[in-house]
Participant: 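Dropping the structure in here first, questions after.
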Amino acid sequence: MKHIGAVQTGVTADDFDREPTFGELDAIWVEMPLIQAEIELLDVQINLLDRPATETDTRRLRRAHRKVLAARLVLANRDGAAFSDVA
């Protein structure tokens with residue numbers, strides 16, 4: 001099988017081949033508490049997919065959801081930005 005690819009530099013996008021800038025890394029670092037809270041919420045939701053929720057699971061789900069909302073509130077108050085979606 002013959003490989004077909006762009007040979008010209010004008011066709012190949014260079015923006016996707018670069019490392020993140022320091023500004024982008026700083027933005028990720030600022031949002032890291034929200035990212036971790038969303039990962040925790042997703043972990044709880046995945047664990048509840050294949051079994052019925054116990055009282056402990058329900059508490060864990062509520063706690064994870066509150067943690068996401070609290071992290072969003074901190075970011076919204078810090079940046080003055082509003083989030084369009086609600087977890």
Side-chain angles (χ1 to χ4, degrees):
M1 180 178 270
K2 195 173 187 180
H3 176 70
I4 300 173
V7 183
Q8 300 170 348
T9 58
V11 176
T12 308
D14 292 335
D15 289 339
F16 298 112
D17 295 335
R18 65 176 178 81
E19 296 292 323
T21 64
F22 288 116
E24 292 169 338
L25 291 174
D26 288 340
I28 292 170
W29 186 253
V30 167
E31 293 182 7
M32 191 54 69
L34 176 60
I35 294 168
Q36 290 173 336
E38 288 177 338
I39 290 172
E40 184 179 332
L41 177 62
L42 184 61
D43 183 48
V44 173
Q45 291 171 337
I46 289 171
N47 284 329
L48 294 175
L49 283 176
D50 61 346
R51 62 185 170 96
T54 63
E55 182 62 33
T56 305
D57 293 330
T58 305
R59 278 189 245 139
R60 187 173 170 219
L61 182 62
R62 282 194 310 252
R63 188 178 316 118
H65 191 254
R66 282 194 306 264
K67 191 182 274 189
V68 168
L69 292 177
R72 285 181 178 212
L73 180 65
V74 168
L75 277 178
N77 286 338
R78 182 172 190 258
D79 297 334
F83 292 99
S84 60
D85 60 337
V86 176

Participant: Which pairs would a plain distance check flag for residues 47-54, meaning a side-chain donor or acceptor within less than 3.5 Å of a matching protein atom at least two apart in sequence or in another chain?
Facilitator:
residue	atom	partner	partner atom	Å
Asn47	ND2	Asp43	O	3.2
Arg51	NE	Asn47	O	3.3
Arg51	NH1	Asp57	OD2	2.7
Thr54	OG1	Asp57	N	3.3
Thr54	OG1	Asp57	OD2	3.1

Participant: Would you kindly confirm whether Ile39 and Leu73 end up in one hydrophobic cluster when ILVMFWY residues are joined by side chain heavy atoms under 4.5 Å apart?
Facilitator: no
Participant: Before giving the answer on side chain to side chain contact (heavy atoms under 4.5 Å, CB included), spell out for Lys67 and Arg62 the whole-Å C-alpha distance, their side-chain angles and the decisive distance to 0.1 Å.
Facilitator: CA-CA 9 Å; Lys67 191 182 274 189; Arg62 282 194 310 252; over 6 Å; no
Participant: Does the pair Glu38/Arg72 count as a salt bridge with the N-to-O cut at 4.0 Å?
Facilitator: yes
Participant: Please list, chain by chain and in numerical order, all residues satisfying side-chain contact (heavy atoms from CB on, under 4.5 Å) with Gln36, sequence neighbours excluded.
Facilitator: Met32
Participant: Does Glu24 have any salt bridge (charged side-chain N to carboxylate O under 4.0 Å, His left out) partners at least two apart in sequence or in another chain, and if so, which?
Facilitator: Arg18
Participant: Are any of the side-chain heavy atoms of Val30 and Arg78 separated by less than 4.5 Å?
Facilitator: yes
Participant: Identify, with sequence neighbours excluded, every residue that meets salt bridge (charged side-chain N to carboxylate O under 4.0 Å, His left out) alongside Arg59.
Facilitator: Glu55
Participant: Hey, what do you get for CD1 (Ile35) to CD1 (Ile28), rounding to the nearest 0.5 Å?
Facilitator: 6.5 Å
Participant: What's the separation between atom CG in Asp26 and atom CD in Glu31, rounded to the nearest 0.5 Å?
Facilitator: 11.5 Å
Participant: Check Ala64 against Val44 and note the closest heavy-atom contact, atom names and distance.
Facilitator: CB-CG2, 4.3 Å
Participant: Answer whether the closest heavy-atom distance between the side chains of His65 and Leu61 falls below 4.5 Å.
Facilitator: no
Participant: What residues form a side-chain contact (heavy atoms from CB on, under 4.5 Å) with Leu42, not counting sequence neighbours?
Facilitator: Gln45, Ile46
